[in-house]
2 protein chains.
Amino acid sequence: MMTEAHRRKKQPIELRQHLLDAAAALSVRAGVGNLRLDAVAGAAGVSKGGLLHHFPSRQALLEALCEECLRRNDSRIEAELAADPVAPGRFSRAYLAVMTGIEVTEQERIWGLLSVVLFAEPEFRDRWGRWLAAHLARHAETDQALFLDVVRLAADGLWLADMSGENTDPTRRNAIVAHLRAMTLNGREAP
Amino acid sequence: MMTEAHRRKKQPIELRQHLLDAAAALSVRAGVGNLRLDAVAGAAGVSKGGLLHHFPSRQALLEALCEECLRRNDSRIEAELAADPVAPGRFSRAYLAVMTGIEVTEQERIWGLLSVVLFAEPEFRDRWGRWLAAHLARHAETDQALFLDVVRLAADGLWLADMSGENTDPTRRNAIVAHLRAMTLNGREAP
DNA sequence: GACACGATACCGTCCAGTCGGTATGTTTTG
DNA sequence: CAAAACATACCGACTGGACGGTATCGTGTC
(Lines give C-alpha, C1' and ligand atoms only; values in the text may rest on other atoms or scores of the structure.)
Protein backbone atom coordinates (compact mmCIF):
# COMPACT_ATOMS: atom_id res chain seq x y z
CA MET A 1 0.00 0.00 0.00
CA MET A 2 1.67 3.16 -1.17
CA THR A 3 0.98 5.97 1.20
CA GLU A 4 -0.41 9.34 0.23
CA ALA A 5 3.13 10.68 0.06
CA HIS A 6 2.98 9.75 -3.56
CA ARG A 7 0.00 11.94 -4.05
CA ARG A 8 1.54 15.17 -2.81
CA LYS A 9 2.89 17.53 -5.36
CA LYS A 10 6.39 16.56 -6.34
CA GLN A 11 9.00 19.15 -5.58
CA PRO A 12 12.32 17.49 -6.21
CA ILE A 13 14.44 20.61 -5.87
CA GLU A 14 12.73 21.62 -2.63
CA LEU A 15 13.13 18.13 -1.26
CA ARG A 16 16.77 18.10 -2.22
CA GLN A 17 17.25 21.28 -0.24
CA HIS A 18 15.29 19.87 2.68
CA LEU A 19 17.51 16.83 2.67
CA LEU A 20 20.64 18.95 2.73
CA ASP A 21 19.27 21.09 5.54
CA ALA A 22 18.37 18.03 7.53
CA ALA A 23 21.76 16.48 6.93
CA ALA A 24 23.45 19.69 8.03
CA ALA A 25 21.42 19.89 11.22
CA LEU A 26 22.07 16.27 12.14
CA SER A 27 25.78 16.54 11.36
CA VAL A 28 26.09 19.55 13.61
CA ARG A 29 24.33 17.78 16.42
CA ALA A 30 26.39 14.61 16.40
CA GLY A 31 29.30 15.00 14.00
CA VAL A 32 29.51 14.00 10.36
CA GLY A 33 30.70 10.53 11.25
CA ASN A 34 27.46 9.79 13.05
CA LEU A 35 25.24 10.86 10.22
CA ARG A 36 22.74 8.09 9.38
CA LEU A 37 20.87 8.02 6.13
CA ASP A 38 17.61 6.92 7.77
CA ALA A 39 17.78 9.84 10.13
CA VAL A 40 18.34 12.32 7.34
CA ALA A 41 15.52 10.89 5.29
CA GLY A 42 13.22 10.82 8.30
CA ALA A 43 14.01 14.40 9.25
CA ALA A 44 13.19 15.51 5.72
CA GLY A 45 9.94 13.57 5.80
CA VAL A 46 10.93 11.06 3.18
CA SER A 47 12.02 7.46 3.00
CA LYS A 48 15.58 6.29 2.68
CA GLY A 49 14.84 5.27 -0.88
CA GLY A 50 13.78 8.79 -1.61
CA LEU A 51 17.00 10.13 -0.21
CA LEU A 52 19.10 7.71 -2.21
CA HIS A 53 17.29 8.77 -5.32
CA HIS A 54 18.72 12.26 -5.00
CA PHE A 55 22.10 11.31 -3.59
CA PRO A 56 23.16 7.94 -4.93
CA SER A 57 25.44 7.25 -2.00
CA ARG A 58 26.31 8.51 1.43
CA GLN A 59 29.52 9.88 0.04
CA ALA A 60 27.63 11.82 -2.60
CA LEU A 61 25.47 13.36 0.11
CA LEU A 62 28.49 14.48 2.07
CA GLU A 63 30.10 16.00 -0.98
CA ALA A 64 26.94 17.87 -1.80
CA LEU A 65 26.86 19.09 1.78
CA CYS A 66 30.40 20.34 1.48
CA GLU A 67 29.65 21.98 -1.84
CA GLU A 68 26.61 23.78 -0.48
CA CYS A 69 28.55 24.97 2.52
CA LEU A 70 31.23 26.60 0.40
CA ARG A 71 28.65 27.98 -2.01
CA ARG A 72 26.80 29.75 0.77
CA ASN A 73 29.95 31.32 2.10
CA ASP A 74 30.88 32.41 -1.34
CA SER A 75 27.63 34.17 -2.10
CA ARG A 76 27.72 36.00 1.21
CA ILE A 77 31.24 37.18 0.55
CA GLU A 78 30.33 38.37 -2.91
CA ALA A 79 27.41 40.34 -1.53
CA GLU A 80 29.64 42.06 1.00
CA LEU A 81 32.23 42.85 -1.63
CA ALA A 82 29.67 44.39 -3.92
CA ALA A 83 28.33 46.63 -1.17
CA ASP A 84 31.71 48.00 -0.06
CA PRO A 85 32.88 51.15 -1.84
CA VAL A 86 36.26 51.35 -0.13
CA ALA A 87 38.96 49.47 -2.02
CA PRO A 88 41.81 48.87 0.45
CA GLY A 89 41.21 45.85 2.64
CA ARG A 90 37.88 45.18 1.00
CA PHE A 91 38.14 41.43 0.94
CA SER A 92 39.37 41.20 4.52
CA ARG A 93 36.46 43.39 5.59
CA ALA A 94 33.99 41.19 3.74
CA TYR A 95 35.60 38.12 5.24
CA LEU A 96 35.32 39.60 8.71
CA ALA A 97 31.71 40.55 8.17
CA VAL A 98 30.71 37.11 6.96
CA MET A 99 32.59 35.15 9.59
CA THR A 100 31.37 37.23 12.48
CA GLY A 101 27.97 38.21 11.12
CA ILE A 102 24.99 37.22 13.18
CA GLU A 103 22.88 34.57 11.51
CA VAL A 104 19.21 35.37 11.64
CA THR A 105 17.69 32.02 10.79
CA GLU A 106 18.41 28.99 12.90
CA GLN A 107 19.13 27.21 9.65
CA GLU A 108 21.72 29.83 8.74
CA ARG A 109 23.38 29.27 12.08
CA ILE A 110 23.50 25.57 11.40
CA TRP A 111 25.25 26.04 8.10
CA GLY A 112 27.83 28.14 9.87
CA LEU A 113 28.39 25.47 12.49
CA LEU A 114 28.67 22.87 9.79
CA SER A 115 31.92 24.37 8.56
CA VAL A 116 33.51 23.51 11.88
CA VAL A 117 32.19 20.01 11.83
CA LEU A 118 33.32 19.46 8.26
CA PHE A 119 36.86 20.26 9.27
CA ALA A 120 36.98 16.74 10.56
CA GLU A 121 37.01 15.61 6.95
CA PRO A 122 40.47 16.08 5.45
CA GLU A 123 39.03 16.49 1.98
CA PHE A 124 37.01 19.46 3.13
CA ARG A 125 40.03 21.02 4.81
CA ASP A 126 41.86 20.95 1.50
CA ARG A 127 38.96 22.43 -0.40
CA TRP A 128 38.59 25.20 2.14
CA GLY A 129 42.27 25.96 1.93
CA ARG A 130 42.13 26.17 -1.84
CA TRP A 131 39.02 28.35 -1.72
CA LEU A 132 40.72 30.85 0.55
CA ALA A 133 43.96 30.82 -1.42
CA ALA A 134 42.09 31.52 -4.63
CA HIS A 135 40.24 34.45 -3.12
CA LEU A 136 43.37 35.87 -1.61
CA ALA A 137 45.14 35.67 -4.94
CA ARG A 138 42.25 37.46 -6.61
CA HIS A 139 42.32 40.30 -4.10
CA ALA A 140 46.06 40.51 -3.73
CA GLU A 141 46.13 44.17 -4.70
CA THR A 142 43.73 45.36 -2.04
CA ASP A 143 44.39 42.86 0.74
CA GLN A 144 48.06 42.13 0.99
CA ALA A 145 49.28 43.45 4.31
CA LEU A 146 50.39 42.01 7.59
CA PHE A 147 47.70 43.65 9.67
CA LEU A 148 45.03 42.37 7.28
CA ASP A 149 46.33 38.87 7.77
CA VAL A 150 45.94 39.38 11.48
CA VAL A 151 42.39 40.62 11.02
CA ARG A 152 41.36 37.64 8.97
CA LEU A 153 43.04 35.23 11.35
CA ALA A 154 41.31 36.84 14.29
CA ALA A 155 38.02 36.57 12.40
CA ASP A 156 38.64 32.85 12.06
CA GLY A 157 39.35 32.63 15.74
CA LEU A 158 36.25 34.56 16.66
CA TRP A 159 34.14 32.38 14.45
CA LEU A 160 35.66 29.29 15.99
CA ALA A 161 34.93 30.63 19.45
CA ASP A 162 31.34 31.38 18.50
CA MET A 163 30.86 27.92 17.16
CA SER A 164 32.37 26.23 20.15
CA GLY A 165 29.73 27.83 22.29
CA GLU A 166 31.96 30.14 24.26
CA ASN A 167 29.58 32.81 25.39
CA THR A 168 31.71 35.87 25.58
CA ASP A 169 29.42 38.70 26.49
CA PRO A 170 28.02 40.42 23.40
CA THR A 171 29.31 43.91 24.16
CA ARG A 172 32.85 42.65 24.41
CA ARG A 173 32.40 40.66 21.25
CA ASN A 174 31.03 43.67 19.43
CA ALA A 175 33.96 45.71 20.64
CA ILE A 176 36.37 43.18 19.17
CA VAL A 177 34.59 43.08 15.84
CA ALA A 178 34.49 46.87 15.66
CA HIS A 179 38.15 46.98 16.55
CA LEU A 180 39.04 44.56 13.79
CA ARG A 181 36.92 46.40 11.26
CA ALA A 182 38.62 49.63 12.20
CA MET A 183 41.96 47.96 11.60
CA THR A 184 41.00 47.20 8.02
CA LEU A 185 40.21 50.86 7.48
CA ASN A 186 43.02 52.49 9.41
CA GLY A 187 45.81 50.12 8.66
CA ARG A 188 46.84 50.00 12.27
CA GLU A 189 45.47 49.27 15.68
CA ALA A 190 43.37 51.92 17.35
CA PRO A 191 44.46 52.90 20.86
CA MET B 1 47.86 -20.71 18.54
CA MET B 2 49.32 -17.88 20.48
CA THR B 3 51.83 -16.04 18.40
CA GLU B 4 55.15 -14.82 19.66
CA ALA B 5 53.51 -11.55 20.61
CA HIS B 6 52.92 -13.10 23.97
CA ARG B 7 56.54 -13.70 24.38
CA ARG B 8 57.58 -10.11 24.09
CA LYS B 9 58.05 -8.15 27.22
CA LYS B 10 54.82 -6.73 28.52
CA GLN B 11 54.70 -2.96 28.75
CA PRO B 12 51.13 -2.02 29.51
CA ILE B 13 51.68 1.69 29.99
CA GLU B 14 53.74 1.98 26.81
CA LEU B 15 51.11 0.05 24.91
CA ARG B 16 48.39 2.31 26.23
CA GLN B 17 50.29 5.28 24.90
CA HIS B 18 50.88 3.54 21.59
CA LEU B 19 47.18 2.88 21.31
CA LEU B 20 46.35 6.51 21.96
CA ASP B 21 48.95 7.66 19.45
CA ALA B 22 47.61 5.27 16.85
CA ALA B 23 44.05 6.35 17.52
CA ALA B 24 45.08 9.97 17.18
CA ALA B 25 46.84 9.38 13.89
CA LEU B 26 43.94 7.45 12.41
CA SER B 27 41.40 10.01 13.59
CA VAL B 28 43.35 12.78 11.95
CA ARG B 29 43.57 10.89 8.71
CA ALA B 30 39.90 10.03 8.36
CA GLY B 31 37.92 11.80 11.07
CA VAL B 32 36.89 10.53 14.47
CA GLY B 33 33.71 9.05 13.12
CA ASN B 34 35.66 6.69 10.91
CA LEU B 35 37.87 5.41 13.68
CA ARG B 36 37.75 1.60 13.74
CA LEU B 37 38.89 -0.42 16.70
CA ASP B 38 40.60 -3.05 14.58
CA ALA B 39 42.55 -0.39 12.77
CA VAL B 40 43.72 1.18 16.01
CA ALA B 41 44.73 -2.14 17.46
CA GLY B 42 46.49 -3.12 14.25
CA ALA B 43 48.37 0.14 14.02
CA ALA B 44 49.59 -0.32 17.55
CA GLY B 45 50.68 -3.87 16.74
CA VAL B 46 48.19 -5.53 19.01
CA SER B 47 44.90 -7.40 18.72
CA LYS B 48 41.46 -5.93 19.28
CA GLY B 49 41.24 -7.85 22.52
CA GLY B 50 44.40 -6.15 23.66
CA LEU B 51 42.93 -2.78 22.89
CA LEU B 52 39.69 -3.52 24.67
CA HIS B 53 41.62 -4.59 27.70
CA HIS B 54 42.89 -1.04 28.15
CA PHE B 55 39.82 0.80 26.90
CA PRO B 56 36.69 -1.16 27.71
CA SER B 57 34.70 0.50 24.94
CA ARG B 58 35.05 2.66 21.91
CA GLN B 59 33.54 5.54 23.84
CA ALA B 60 36.11 5.12 26.57
CA LEU B 61 38.88 5.29 24.00
CA LEU B 62 37.51 8.50 22.56
CA GLU B 63 37.21 10.07 25.97
CA ALA B 64 40.77 9.11 26.80
CA LEU B 65 41.83 10.62 23.50
CA CYS B 66 40.07 13.83 24.35
CA GLU B 67 41.55 13.84 27.81
CA GLU B 68 45.07 13.31 26.56
CA CYS B 69 44.65 16.05 24.02
CA LEU B 70 43.69 18.62 26.63
CA ARG B 71 46.34 17.36 29.02
CA ARG B 72 49.08 17.88 26.46
CA ASN B 73 47.96 21.38 25.72
CA ASP B 74 47.78 22.14 29.37
CA SER B 75 51.27 20.99 30.20
CA ARG B 76 52.74 22.96 27.32
CA ILE B 77 50.93 26.08 28.46
CA GLU B 78 52.16 25.62 32.00
CA ALA B 79 55.73 25.25 30.79
CA GLU B 80 55.49 28.49 28.82
CA LEU B 81 53.96 30.31 31.75
CA ALA B 82 56.70 29.20 34.10
CA ALA B 83 59.41 30.37 31.71
CA ASP B 84 58.00 33.86 31.17
CA PRO B 85 59.19 36.55 33.60
CA VAL B 86 57.00 39.34 32.22
CA ALA B 87 53.63 39.50 33.94
CA PRO B 88 51.35 41.50 31.61
CA GLY B 89 49.87 39.39 28.84
CA ARG B 90 51.69 36.33 30.08
CA PHE B 91 48.91 33.87 29.44
CA SER B 92 48.15 35.24 26.00
CA ARG B 93 51.82 34.99 25.14
CA ALA B 94 51.95 31.40 26.33
CA TYR B 95 48.79 30.63 24.42
CA LEU B 96 50.26 32.13 21.29
CA ALA B 97 53.48 30.20 21.70
CA VAL B 98 51.74 26.89 22.15
CA MET B 99 49.23 27.31 19.35
CA THR B 100 51.77 28.50 16.83
CA GLY B 101 54.78 26.57 18.05
CA ILE B 102 56.40 24.28 15.54
CA GLU B 103 55.97 20.64 16.45
CA VAL B 104 59.19 18.74 16.10
CA THR B 105 57.91 15.19 16.13
CA GLU B 106 55.41 14.01 13.59
CA GLN B 107 53.50 12.60 16.53
CA GLU B 108 53.37 16.03 18.15
CA ARG B 109 51.96 17.44 14.95
CA ILE B 110 49.28 14.80 14.96
CA TRP B 111 48.15 15.67 18.44
CA GLY B 112 47.83 19.24 17.34
CA LEU B 113 45.74 18.27 14.35
CA LEU B 114 43.59 16.11 16.55
CA SER B 115 42.20 19.13 18.33
CA VAL B 116 40.68 20.29 15.07
CA VAL B 117 39.21 16.93 14.33
CA LEU B 118 37.78 16.62 17.82
CA PHE B 119 35.88 19.83 17.28
CA ALA B 120 33.46 17.73 15.31
CA GLU B 121 32.38 16.21 18.60
CA PRO B 122 30.08 18.62 20.45
CA GLU B 123 31.15 17.25 23.79
CA PHE B 124 34.74 18.15 23.10
CA ARG B 125 33.78 21.63 22.00
CA ASP B 126 32.17 22.21 25.37
CA ARG B 127 35.14 20.89 27.26
CA TRP B 128 37.50 23.06 25.28
CA GLY B 129 35.34 26.09 25.92
CA ARG B 130 35.32 25.42 29.64
CA TRP B 131 39.06 24.84 29.65
CA LEU B 132 39.74 28.18 28.06
CA ALA B 133 37.23 30.02 30.22
CA ALA B 134 38.82 28.62 33.35
CA HIS B 135 42.29 29.67 32.27
CA LEU B 136 41.12 33.12 31.30
CA ALA B 137 39.47 33.58 34.65
CA ARG B 138 42.64 32.52 36.39
CA HIS B 139 44.74 35.02 34.47
CA ALA B 140 42.21 37.82 34.45
CA GLU B 141 44.63 40.23 36.10
CA THR B 142 47.37 39.92 33.53
CA ASP B 143 45.37 39.14 30.40
CA GLN B 144 42.24 41.21 30.30
CA ALA B 145 42.53 43.60 27.39
CA LEU B 146 40.99 43.99 24.00
CA PHE B 147 44.23 43.67 22.07
CA LEU B 148 45.10 40.49 23.96
CA ASP B 149 41.77 39.03 22.91
CA VAL B 150 42.70 39.82 19.35
CA VAL B 151 46.06 38.15 19.76
CA ARG B 152 44.58 34.95 21.13
CA LEU B 153 41.90 34.88 18.47
CA ALA B 154 44.48 35.37 15.76
CA ALA B 155 46.52 32.58 17.30
CA ASP B 156 43.48 30.33 16.99
CA GLY B 157 43.09 31.38 13.40
CA LEU B 158 46.72 30.73 12.64
CA TRP B 159 46.55 27.35 14.22
CA LEU B 160 43.46 26.54 12.21
CA ALA B 161 45.19 27.64 9.04
CA ASP B 162 48.21 25.51 9.82
CA MET B 163 46.06 22.52 10.43
CA SER B 164 44.03 22.94 7.27
CA GLY B 165 47.19 22.63 5.27
CA GLU B 166 47.37 26.16 3.98
CA ASN B 167 51.01 26.60 3.25
CA THR B 168 51.61 30.25 3.79
CA ASP B 169 55.28 30.81 3.28
CA PRO B 170 57.24 30.49 6.50
CA THR B 171 58.77 33.95 6.52
CA ARG B 172 55.35 35.55 6.31
CA ARG B 173 54.07 33.23 8.99
CA ASN B 174 56.99 34.06 11.24
CA ALA B 175 56.36 37.74 10.68
CA ILE B 176 52.77 37.35 11.81
CA VAL B 177 53.74 35.43 14.92
CA ALA B 178 56.40 37.96 15.80
CA HIS B 179 53.92 40.73 15.22
CA LEU B 180 51.40 39.13 17.54
CA ARG B 181 53.99 38.47 20.20
CA ALA B 182 55.05 42.09 20.03
CA MET B 183 51.47 43.11 20.55
CA THR B 184 51.34 41.24 23.84
CA LEU B 185 54.40 43.14 24.98
CA ASN B 186 53.65 46.60 23.64
CA GLY B 187 49.95 46.70 24.12
CA ARG B 188 49.44 48.00 20.62
CA GLU B 189 50.22 47.19 17.05
CA ALA B 190 53.67 47.93 15.77
CA PRO B 191 53.87 49.98 12.60
C1' DG C 1 49.49 -19.49 41.79
C1' DA C 2 47.21 -15.22 41.35
C1' DC C 3 46.62 -11.55 38.67
C1' DA C 4 47.41 -8.59 34.80
C1' DC C 5 48.09 -8.75 30.03
C1' DG C 6 47.04 -10.12 25.56
C1' DA C 7 45.16 -13.43 21.63
C1' DT C 8 41.37 -15.74 19.16
C1' DA C 9 36.89 -16.86 18.15
C1' DC C 10 32.39 -15.64 17.93
C1' DC C 11 27.89 -13.15 18.28
C1' DG C 12 24.45 -9.48 17.53
C1' DT C 13 23.39 -5.28 15.73
C1' DC C 14 23.38 -1.72 12.82
C1' DC C 15 23.29 0.40 8.51
C1' DA C 16 24.60 1.54 3.57
C1' DG C 17 23.13 0.16 -0.50
C1' DT C 18 20.02 -2.91 -3.75
C1' DC C 19 15.80 -4.00 -5.87
C1' DG C 20 11.32 -4.40 -7.46
C1' DG C 21 7.50 -1.81 -7.29
C1' DT C 22 4.01 2.31 -7.61
C1' DA C 23 2.53 6.94 -8.57
C1' DT C 24 3.06 11.30 -11.00
C1' DG C 25 4.98 14.23 -14.90
C1' DT C 26 6.35 14.75 -19.78
C1' DT C 27 6.95 13.62 -24.51
C1' DT C 28 5.82 11.08 -28.57
C1' DT C 29 2.78 9.18 -31.70
C1' DG C 30 -1.48 7.80 -34.26
C1' DC D 1 -6.15 15.52 -28.45
C1' DA D 2 -6.00 11.12 -26.55
C1' DA D 3 -3.43 7.48 -25.37
C1' DA D 4 0.56 5.18 -25.20
C1' DA D 5 5.38 5.29 -24.06
C1' DC D 6 8.83 6.94 -21.49
C1' DA D 7 10.99 9.39 -17.56
C1' DT D 8 11.16 10.95 -12.99
C1' DA D 9 10.13 10.75 -8.12
C1' DC D 10 9.57 8.05 -4.28
C1' DC D 11 8.55 3.81 -1.35
C1' DG D 12 9.81 -0.06 1.80
C1' DA D 13 11.53 -4.70 2.42
C1' DC D 14 15.64 -7.09 2.32
C1' DT D 15 20.71 -8.22 2.72
C1' DG D 16 25.40 -8.65 3.40
C1' DG D 17 29.27 -6.94 5.26
C1' DA D 18 31.31 -4.33 8.78
C1' DC D 19 32.14 -3.45 13.33
C1' DG D 20 31.50 -3.09 18.56
C1' DG D 21 31.46 -5.95 22.20
C1' DT D 22 31.83 -10.66 24.89
C1' DA D 23 33.59 -14.92 26.30
C1' DT D 24 37.34 -17.79 26.85
C1' DC D 25 41.79 -19.28 26.89
C1' DG D 26 47.01 -18.83 26.88
C1' DT D 27 51.12 -16.43 28.75
C1' DG D 28 54.07 -13.50 31.15
C1' DT D 29 55.16 -11.23 35.87
C1' DC D 30 55.22 -10.75 40.83
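Chain A is the first sequence line, chain B the second, and so forth, proteins listed ahead of strands; every chain is numbered from 1.
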* To do: Applying side-chain contact (heavy atoms from CB on, under 4.5 Å), run through B/Arg93 and B/Val86 and close with a yes or a no.
  => CA-CA 10 Å; B/Arg93 211 156 33 249; B/Val86 182; 3.6 Å; yes
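- If B/Gly49 and A/Gly49 are placed on DNA chain C by their nearest nucleotide, the residue sitting closer to the 5' end is B/Gly49.
- Between A/Arg36 and C/dA16 there is a side-chain N or O to OP1 or OP2 distance below 4.0 Å.
- Here the side chain of A/Arg58 pairs a donor or acceptor atom with the backbone of A/Leu35 at under 3.5 angstrom.
- Rounded to an integer number of Å, the gap from CG of B/Asn34 to C1' of D/dG20 is 15 Å.
- Between the CG atom of A/Leu51 and the C1' atom of D/dC10 there is a distance of 11 Å, rounded to whole Å.
- The separation between B/Leu37 atom CG and C/dC11 atom P is 20 Å, rounded to whole Å.
- A close approach under 4.0 Å does not occur between any side-chain nitrogen or oxygen of B/His54 and OP1 or OP2 of C/dA4.
- Judged by distance alone, with hydrogens and angles left aside, A/Lys48 brings a side-chain donor or acceptor within reach of the base of C/dG17, the pair sitting under 3.5 Å.
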* Asked: Between B/His135 and B/Asp74, is a side chain to side chain donor-acceptor pair (under 3.5 Å) present by the stated rule, with each step listed?
  -> CA-CA 10 Å; B/His135 278 72; B/Asp74 213 67; 3.1 Å; yes
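- Comment: B/Arg76 does not engage B/Glu80 in a salt bridge, judged by the lack of any side-chain N to carboxylate O separation of less than 4.0 angstrom.
- Within the 4.0 angstrom heavy-atom criterion, base atoms lie near B/Leu52.
- Residue A/Leu35 is classed as a sugar-phosphate contact, given heavy-atom separations below 4.0 Å to backbone atoms only.
- Screening B/Leu136, B/Asp156, B/Thr184, B/Thr100 for a side chain to side chain contact (heavy atoms under 4.5 Å, CB included) with B/Tyr95, the sole residue that qualifies is B/Asp156.
- At a threshold of 4.0 angstrom between heavy atoms, the contacts of A/Ile13 with the nucleic acid are absent.
- At C/dC5, one or more side-chain N or O atoms of B/His53 fall inside 4.0 Å of OP1 or OP2 (strictly under the cut-off).
- Between B/Glu14 atom CD and C/dG6 atom C1' the separation is 15 Å, expressed in whole Å.
- With C/dA16, D/dG20, D/dC10 as the choices, the nucleotide that has an atom nearest any side-chain atom of A/Asp38 turns out to be C/dA16.
- If you take CZ of B/Phe55 and C1' of C/dC5, they are 14 Å apart, rounded to a whole angstrom.
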